[in-house]
2 protein chains.
Amino acid sequence: MELRQLKYFVRAAERLNFTKAADDLCITQSTLSHQIKELENTLNVLLFDRIGKRVKLTEAGEIMLPYARKTIHQAEEGQQFLQDLNELKAGKLIIGATYGLTELLIQALAPFNQAYPNVQIQIVFGSTADMLLKIKQYEIDCMLSFLPSSYNDSDLDIVKLFDSTLSLIVHESHPWSQQKQVTLQKVAELPLVLPSPSYSIRNFLDDVLAKNNISLNVTMEINDIHSLLKLTNTRQWNTILMNSSLFDFAELKAIPLEGSQMQREATITFPADVYRKKAVVAFTKLLTNHF
Amino acid sequence: MELRQLKYFVRAAERLNFTKAADDLCITQSTLSHQIKELENTLNVLLFDRIGKRVKLTEAGEIMLPYARKTIHQAEEGQQFLQDLNELKAGKLIIGATYGLTELLIQALAPFNQAYPNVQIQIVFGSTADMLLKIKQYEIDCMLSFLPSSYNDSDLDIVKLFDSTLSLIVHESHPWSQQKQVTLQKVAELPLVLPSPSYSIRNFLDDVLAKNNISLNVTMEINDIHSLLKLTNTRQWNTILMNSSLFDFAELKAIPLEGSQMQREATITFPADVYRKKAVVAFTKLLTNHF
DNA sequence: ATGATTAATCGAAATTATCGATTGATATGA
DNA sequence: TCATATCAATCGATAATTTCGATTAATCAT
């Protein structure tokens with residue numbers, strides 16, 4: 001059993017297609033087949049069911065997969081530690097983020113990159129659920145999301161960044177733009193463009209609406225936050241977002257919605273009990289110092 | 001970086017003497033030196049200080065050592081789990097069954113659990129059609145049902161367990177309780193409580209009745225086999241079931257119905273052409289040995 | 001039927017690990 | 001101080017392993 005074989009196995013298990021997995025790994029399908037077989041021999045157990053031209057994990061394969069992942073990760077963690085020791089002259093930081101925190105992320109990246117120009121950054125956007133999966137599979141180093149800091153999972157370490165309030169976003173020329181608060185009832189009068197139901201903020205909003213038995217005047221749905229703000233900037237529509245999603249549109253105003261259940265926590269989440277890269281610590285410090 | 005190299009490293013770090021470590025590992029000192037150097041190259045850091053003929057861990061080596069140990073351990077832990085699985089010290093068995101075979105299933109489960117106490121068992125009751133779907137989607141490992149062993153489906157592997165005969169179930173105090181057979185005509189005279197039409201045995205029975213143009217005196221329908229037997233045990237009603245459904249009611253007698261089309265095969269069915277878990281094989285052996 | 005897709009297999013080539021012998025450095029002890 | 005023993009590094013040769021490319025056989029979709 002070698003790390004190489006475990007890496008091949010994990011990729012094959014993820015793809016459930018030897019040819020494509022081999023492609024990913026930059027080896028031939030023949031090599032992959034051979035090495036998987038070799039691994040199966042040393043483990044004395046079949047890892048894949050070969051059903052015709054299909055492959056599928058056996059029970060043993062399902063069991064071995066998380067061990068393989070953990071083994072590989074463990075080795076890489078040690079390597080990462082050594083690299084960090086080399087004074088952040090190298091390294092890689094993989095950040096997951098939900099779309100609602102795009103603006104926060106982008107604001108944080110600029111100073112981080114200035115401070116550590118040699119740290120390679122990789123951003124992965126996705127849903128909170130996607131991210132949680134990736135965190136557990138060690139695919140990302142940390143994630144920015146609206147996860148309650150009370151969310152209970154011993155595999156996770158969740159740090160609160162700030163509270164964010166569900167807000168009506170209007171152009172500064174809008175008659176309400178100077179108001180300190182606004183009720184949902186009033187918002188129902190306005191023409192709105194909202195984020196698609198695939199966004200967690202939309203689910204949050206829909207929950208609130210259902211609880212208060214209010215329905216809105218939704219003229220458009222769109223699955224990109226930046227486009228949403230651009231449309232609001234045309235003065236033709238208004239939208240609803242967490243106020244933290246609004247950053248560098250100088251002409252837009254966020255008016256918090258009145259009510260107690262309108263707040264969510266923006267948090268940064270890490271896999272618990274594993275060594276935290278220097279780059280991750282630096283990035284986190286940058287974020288928390290900001291608030 | 002390979003597990004082999006990590007193992008060499010750990011031994012060398014423990015011995016702080018390459019020659020002796022190499023001896024322990026059954027390789028030559030030359031090989032050990034070479035592989036350590038290779039590891040140092042991929043990690044881009046020196047793991048040992050070579051002071052004259054002495055070797056001693058560097059700071060990096062000290063850091064890497066626990067990671068190397070953990071990595072190796074992680075891999076071996078997975079291997080151990082698979083080994084256990086192979087000896088049925090672990091594992092999971094998902095069995096589908098139709099309600100009519102509840103008693104058979106329960107009788108088989110006790111000795112199985114005694115033999116393999118660490119195998120987790122999950123039972124899924126449902127109709128034969130449900131089960132067939134689940135089998136094809138690999139959601140269950142096997143199913144117990146009254147499926148004809150001649151049922152033709154290349155995706156399935158069907159093994160006959162025994163023949164079961166449609167029977168009148170009466171209390172031992174019933175005047176007919178010593179009879180060897182009884183005709184459907186006679187049964188029509190008795191007050192009956194029958195399984196609901198959602199059960200396959202009921203469909204089977206209804207088919208037989210239609211073919212013979214007989215109708216019964218049904219006072220109650222109930223969708224639970226055990227309750228059916230309890231009601232029969234009160235002497236107030238009688239019922240009709242496959243004789244194999246009757247197990248541990250000592251005071252009840254099953255009188256086979258006369259006729260050639262009264263038999264059905266109890267079978268165990270597997271998805272064909274896929275790896276069969278050790279637990280499945282053991283469970284099947286236990287069942288077939290019983291008959 | 002037919003063509004496309006996929007995993008297994010086989011022999012050859014490339015790469016890598018291992019060995020044995022040697023070297024050079026350095027402790028140790030007379 | 002000098003000989004000797006010990007130890008890791010190095011080198012060239014060999015053995016083992018990995019990888020590749022081509023082919024086969026099975027099966028899936030049309």
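Because the structure is a prediction, the values reported are computed rather than measured. In what follows, chains are A, B, ... by sequence order, proteins preceding strands, each numbered from 1.
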**OP:** Classify the nucleic acid contact of B/Y8 as base, sugar-phosphate or nothing, counting any heavy atom under 4.0 Å across all strands shown.
**Re:** sugar-phosphate
Original post:
Mind checking whether B/L132 and B/L147 have side chains closer than 4.5 Å, heavy atoms only?
Top reply: yes
Original post:
Do the side-chain N or O atoms of B/S30 get closer than 4.0 angstrom to the phosphate oxygens (OP1, OP2) of D/dA9?
Top reply: no
Original post:
Would you call the rings of B/Y67 and A/Y275 parallel, tilted or perpendicular if under 30° counts as parallel and over 60° as perpendicular?
Top reply: perpendicular
**OP:** Rounded off to whole Å, could you give me the CD-to-P distance for the A/Q35 and C/dT15 pair?
**Re:** 16 Å
**OP:** Specify the separation, in whole Å, of atom CG of B/L25 and atom C1' of C/dT18.
**Re:** 13 Å
Original post:
In terms of side-chain heavy atoms of A/R4, which of D/dC20, D/dC7, D/dT18 is nearest?
Top reply: D/dT18
**OP:** Kindly determine whether A/S200 and A/T98 satisfy side chain to side chain contact (heavy atoms under 4.5 Å, CB included), including the steps that lead there.
**Re:** CA-CA 9 Å; A/S200 76; A/T98 48; 5.5 Å; no
**OP:** For B/D49 and D/dC7, give me the distance from atom CG to atom C1', rounded to whole Å.
**Re:** 16 Å
Original post:
Are any of A/T19's side-chain N or O atoms less than 4.0 Å away from OP1 or OP2 of C/dT5?
Top reply: no
**OP:** Mind telling me whether B/Y99 and B/F125 have parallel, tilted or perpendicular rings, with 30° and 60° as the class edges?
**Re:** parallel
Original post:
Between atom CZ in B/R15 and atom P in D/dC7, what is the gap in whole Å?
Top reply: 11 Å
Original post:
So, is B/N17 close to the D/dT6 phosphate, meaning a side-chain N or O under 4.0 Å from OP1 or OP2?
Top reply: no
**OP:** Measure the distance from CG on B/L46 to P on D/dA9 and round it to the nearest whole Å.
**Re:** 10 Å
**OP:** Quickly work out the A/M1 CE to D/dT17 P distance and round it to whole Å.
**Re:** 16 Å
Subject >> First encountered from the 5' end of DNA chain C, between B/E38 and B/R54 >> reply: B/E38
Subject >> Pairwise 5' ranking along DNA chain D for B/L16 and A/C26, keeping only the more 5' one >> reply: B/L16
Subject >> Nearest-neighbour nucleotide for the B/S33 side chain, D/dT10, C/dT9, C/dT6 considered >> reply: D/dT10
Original post:
Once the angle between the rings of A/Y138 and A/H73 is folded into 0 to 90°, is it parallel (under 30°), tilted (30 to 60°) or perpendicular (over 60°)?
Top reply: parallel
Original post:
According to a strict under-4.0 Å criterion, is B/K20 in side-chain N/O contact with OP1 or OP2 of D/dT6?
Top reply: no
**OP:** Please work out if B/T31 contacts a base, only the sugar-phosphate, or nothing of the nucleic acid, heavy-atom cut-off 4.0 Å.
**Re:** base
**OP:** Nearest whole angstrom, please: distance from the C1' of C/dA27 to the NZ of B/K56.
**Re:** 18 Å
Original post:
Is the distance between the ring centroids of A/F18 and A/Y8 under 6.0 Å?
Top reply: no
**OP:** Assess whether one donor atom and one acceptor atom, taken from the side chain of B/Q29 and the base of D/dA9, lie less than 3.5 Å apart.
**Re:** yes
Original post:
In whole angstrom, what separates B/L32's CG from C/dT18's P?
Top reply: 10 Å
Subject >> Nearest listed nucleotide, side chain of A/I27, among D/dT10, D/dC20, D/dT18 >> reply: D/dC20
Original post:
Which nucleotide in the set D/dC20, C/dA7, C/dT9 lies at the smallest distance from any side-chain heavy atom of A/F18?
Top reply: C/dA7
Original post:
Counting side-chain heavy atoms from CB outward, which of D/dA8, D/dT10, D/dT18 is closest to A/H34?
Top reply: D/dT18
